[in-house]
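Structure below; questions to follow.
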2 protein chains.
Amino acid sequence: MGISQRAYSLLESSGYKITNQRQTILEIILKNRQQHMSAEEIHEKANKINPDIGLATVYRALELFEELKILHKLNFGDGRSRYELWEEEHHHHHLICTSCDGVYEVAEDLLEVLEDRIEHKYKFNISGHQLKFYGICHQCQEDCSNEC
Amino acid sequence: MGISQRAYSLLESSGYKITNQRQTILEIILKNRQQHMSAEEIHEKANKINPDIGLATVYRALELFEELKILHKLNFGDGRSRYELWEEEHHHHHLICTSCDGVYEVAEDLLEVLEDRIEHKYKFNISGHQLKFYGICHQCQEDCSNEC
DNA sequence: ATCAGTGCAAAGTATTTGCATATCC
DNA sequence: GGATATGCAAATACTTTGCACTGAT
């Protein structure tokens, strides 16, 4: 079952309606999965498909999708929230370059051992995680070694 | 050398002045290290010591401390930034309870292996990280098992 | 005397909310 | 038909900024 099918049945079974706007918003996120878009960016793209979708509707849909665990809200410290498909969330991490502000993804998890330890030691029932590494990306290291 | 000594010499050597306001703000953070305070909260406490410290000054000091790597800005998804001493940052993680919104700390790191792998594979020069686990804390699990 | 630092109020952003209207089942 | 969702504009919340003033060296 595809992500959108799962999302639609989640909406339905939770008593929410599958409206045009919600479909449009979800499709945009699916089409740009690797993008970490903000509400504003999603709204812009949504308006190209349907100029009548308001920003408030986008926010409300994103909130709903987050509640239904379709999306995950991310924060990269630039003052706005960014969103990512829930599915992608659990098995990768983000590398944030403090020089160019770029965000890269790491497609490995490797936190199982740590999670197990935490679940036992702290009796904390883990449902998800978010790991960010700050540093200097390869490109910026090269740019710097040329200049300085 | 204590944290505040390091902070003051960092300020000085970077050409910034050690003002009353900056001292007050830093002291408050040192006295409440485990608290993850927001700018507003720091401002409130600062005002009890010196009623003339403005909120803008607090924001400016926090920004400066962040730049000097005295503090780290955190985001727990409640719409405001929270701050923590840089020293504490590198060797612990946060457990965020999605039921009671409590934030707990885990005093282990265990990310060295993962960091090494990422540094090599992605040629990303890591300087810090931030790891949040979402889930249900022990207390909420108990509360729930009583009720449901 | 100079220049960084500050307080205040105003501006700027991101997000949320109230309400009348439109839409879906 | 009745509840749910939407659009718009206004409200809110957090943070930043402009500017005149203060304070330290």
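We name chains A, B, ... by the order of the sequence lines, and we start the count at 1 in each one.
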Smallest separation among heavy atoms of Ile53(B) and Ala46(B), with atom names
CD1-CB, 4.1 Å
In whole Å, what is the span from the CG atom of Asp78(B) to the P atom of dT16(C)?
12 Å
Decide whether Asn47(B) and His43(B) meet the rule of one side-chain donor and one side-chain acceptor closer than 3.5 Å.
yes
Quick one: do the Glu84(B) and His72(B) side chains pair a donor with an acceptor below 3.5 Å?
no
May I ask you to decide if the ring planes of His93(A) and His129(A) are parallel, tilted or perpendicular, using 30° and 60° as cut-offs?
tilted
By nearest-heavy-atom nucleotide on DNA chain D, the more 5' of Ala56(B) and Thr19(A) is Thr19(A)
Rounding to a whole Å, what distance do you find between Tyr16(B):OH and dA24(D):C1'?
18 Å
Please pick, from dA14(C), dT15(C), dG7(D), the nucleotide with the shortest atom-to-atom distance to any side-chain atom of Arg80(A).
dA14(C)
Nearest whole Å is fine: how far is dC21(D) P from Asp52(B) CG?
17 Å
Just how far, in rounded Å, is C1' of dT23(C) from CD1 of Ile18(A)?
14 Å
Under-4.0 Å side-chain N/O to phosphate OP1/OP2 contact, Arg60(A) with dT16(C)
no
Between its two end axes (five pairs each) the helix from dA1(C)-dT25(D) to dC25(C)-dG1(D) turns, nearest 10 degrees, through 20°
Would you mind reading off the distance between Lys17(B) atom NZ and dT25(D) atom C1', rounded to a whole angstrom?
7 Å
Show your working on side-chain hydrogen bond (donor to acceptor under 3.5 Å, both in side chains) between Glu41(B) and Tyr83(B) and close with a plain yes or no.
CA-CA 10 Å; Glu41(B) 287 164 345; Tyr83(B) 298 83; over 6 Å; no
I'd like to know if Arg80(A) pairs up with Glu40(A) as an ion pair, taking the criterion as any Lys NZ or Arg NE/NH1/NH2 lying under 4.0 Å from an Asp or Glu carboxylate oxygen.
no
Let me know the distance between CD1 of Ile53(B) and P of dG5(C), rounded to the nearest Å.
15 Å
Phosphate contact (dT15(C) OP1 or OP2) by Tyr59(A) side-chain N/O below 4.0 Å
yes
ring-ring contact (aromatic ring centres under 6.0 Å, His included) partners of Tyr104(B), counting only residues at least two apart
none
Between dC8(D) (P) and Asn50(A) (CG): distance, integer Å
10 Å
dT15(C) phosphate, OP1 or OP2, under 4.0 Å from Ser81(A) side-chain N/O:
yes
Verify the contact: side-chain N or O of Gln21(A) to OP1 or OP2 of dG7(D), cut-off strictly under 4.0 Å; return yes or no.
yes
Nearest-Å distance for atom pair CD/C1', residues Glu12(B) and dG5(C):
16 Å
With a 4.0 Å limit, can you tell me whether Thr57(A) has a side-chain N or O closer than that to the phosphate oxygens OP1/OP2 of dG7(D)?
yes
